[in-house]
Amino acid sequence: MEKKAILEKFPRSPDVLLALLHALQRANPQNYLTHEDLELAAQYLGLPLSRVRDAVTFYTMFSLKPRGKHIIRVCASPNCHLAGAWSVLEELKGELGIDVGETTPDGLFTLECTSCLGVCGVAPVMMVDEEVVGNLTPLRAREVIRRIREGG
Ligand code: FES
């Protein structure tokens with residue numbers, strides 16, 4: 001979808017800034033916001049560019065650099081940590097062959113850590129794009145990655 005068409009889905013209100021940035025980021029196959037995206041959002045909503053940039057750099061779900069097609073975000077907050085998130089993370093690093101903050105050479109996955117996702121009852125948790133996956137074990141995390149690789 002063209003960026004102009006994305007913008008026009010939103011009212012010209014500063015309240016929609018985060019939703020608009022999400023939509024612009026999702027429209028990019030490499031899951032990130034370009035400088036042009038930030039300028040478009042600022043101009044469309046009548047906000048200073050610095051305010052848009054502040055929002056993008058504050059929230060970890062936004063990126064200013066190209067990422068993989070799928071974003072794997074492992075919760076690193078205390079409840080998940082105590083429930084075994086680090087062993088899940090180590091498994092994912094090994095399965096993907098990358099470290100946190102990196103993208104696989106085939107451009108399929110980016111691995112990130114995040115703070116509490118608000119679903120501590122099913123810790124440890126990761127998000128795969130928009131989907132929350134809880135009650136993780138290293139084995140289950142590996143199976144999720146393999147299923148995505150196989151197109152599932
Ligand atoms: S601590 Fe991980 S979801 Fe809350």
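Treat the numbers as computed from the prediction; the structure is a model and nothing was measured.
Taking 4.5 Å as the limit, every side-chain heavy atom of Q30 sits out of range of all side-chain heavy atoms of T103. Contact annotation: the side chain of L64 approaches that of T57 to within less than 4.5 Å [non-hydrogen atoms, C-beta and beyond]. Using a 4.5 Å cut-off on side-chain heavy atoms (C-beta onward), T114 and M127 make no contact. Taking the side chain as every heavy atom from C-beta outward, L49 and H35 approach each other to under 4.5 Å. Under the 4.5 Å side-chain criterion, counting only non-hydrogen atoms from C-beta, L33 is not in contact with N28.
When the shell of 6.0 Å around CZ of R53 is examined, it contains 12 or fewer heavy atoms from other residues, nucleotides or ligands. More than 12 heavy atoms of other residues, nucleotides or ligands lie within 6.0 Å of NZ in K93, so this atom counts as buried by the packing criterion.
Using a 4.5 Å cut-off between side-chain heavy atoms of Ile, Leu, Val, Met, Phe, Trp and Tyr, with links allowed through other members, L92 and W86 fall into the same hydrophobic cluster. Side-chain heavy atoms closer than 4.5 Å link hydrophobic residues (I, L, V, M, F, W, Y) into clusters, and following such links, possibly through other members, connects L7 to L18. The cluster map of Ile, Leu, Val, Met, Phe, Trp and Tyr, joined by side-chain heavy atoms under 4.5 Å apart, puts L47 and F62 in the same cluster. Cluster membership for L82 and V74, using ILVMFWY side-chain heavy atoms within less than 4.5 angstrom, is not shared. Hydrophobic cluster membership differs between V125 and I148, with clusters built from Ile, Leu, Val, Met, Phe, Trp and Tyr side chains linked at under 4.5 angstrom.
Closest non-hydrogen pair, D37 versus K3, comes out as OD1-NZ, 2.7 Å. Heavy atoms only, all atoms of each residue included: L17 and A55 are closest at CD2-CB, 3.9 Å. Listed here is the closest heavy atom pair of P124 and C80: CA-SG, 3.8 Å. A27 and I6 get closest at one heavy-atom pair: CB-CD1, 3.4 Å. Taking all atoms of both residues into account, the shortest heavy-atom contact from P11 to L45 is O-CD2, 3.8 Å. The two residues A141 and V88 have their closest heavy-atom pair at CB-CG1, 3.8 Å.
The closest donor-acceptor contact from the side chain of E102 to the backbone of D99 lies under 3.5 Å. In this structure a side-chain-to-backbone donor-acceptor pair under 3.5 Å is missing from S77 to N79. D54 places no side-chain N or O within donor-acceptor distance of the main-chain N or O of R51, the cut-off being under 3.5 Å. Of the possible polar contacts, one joining the R140 side chain to the G134 backbone as a donor-acceptor pair under 3.5 Å is found. A donor-acceptor pair under 3.5 Å is formed between the side chain of Y44 and the backbone N or O of F10. Between the side chain of Q25 and the backbone N or O of S63, at least one donor-acceptor pair lies under 3.5 Å.
Partner V144 forms a side-chain contact (heavy atoms from CB on, under 4.5 Å) with one of V128, L139, I72 and no other, that one being V128. Among the candidates L117, V133, N135, the single residue satisfying the side-chain contact (heavy atoms from CB on, under 4.5 Å) test with V122 is N135.
Residues in residues 96-130 take part in these ring-ring contact (aromatic ring centres under 6.0 Å, His included) pairs, two or more places apart or across chains: H70-F109.
Here the straight-line distance linking atom CD of E112 with atom CG of L89 works out to 11.5 Å at 0.5 Å rounding. How far NE2 of H81 is from SG of C116: 14.5 Å, rounded to the nearest 0.5 Å. The CG atom of L96 lies 6.0 Å from the CG atom of L111; values are rounded to the nearest 0.5 Å. In this structure, the separation between CD on E95 and CZ on R142 is 6.5 Å, given to the nearest 0.5 Å. Annotation: the span from Q43 atom CD to R12 atom CZ amounts to 9.0 Å, rounded to 0.5 Å. A distance of 10.5 Å separates CZ of R26 from CG of D129, quoted to the nearest 0.5 Å.
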Practice task
Check the pair E8, K4 against salt bridge (charged side-chain N to carboxylate O under 4.0 Å, His left out), reporting the backbone distance first and the verdict last.
Solution key: CA-CA 6 Å; E8 287 172 352; K4 189 169 177 286; 3.1 Å; yes
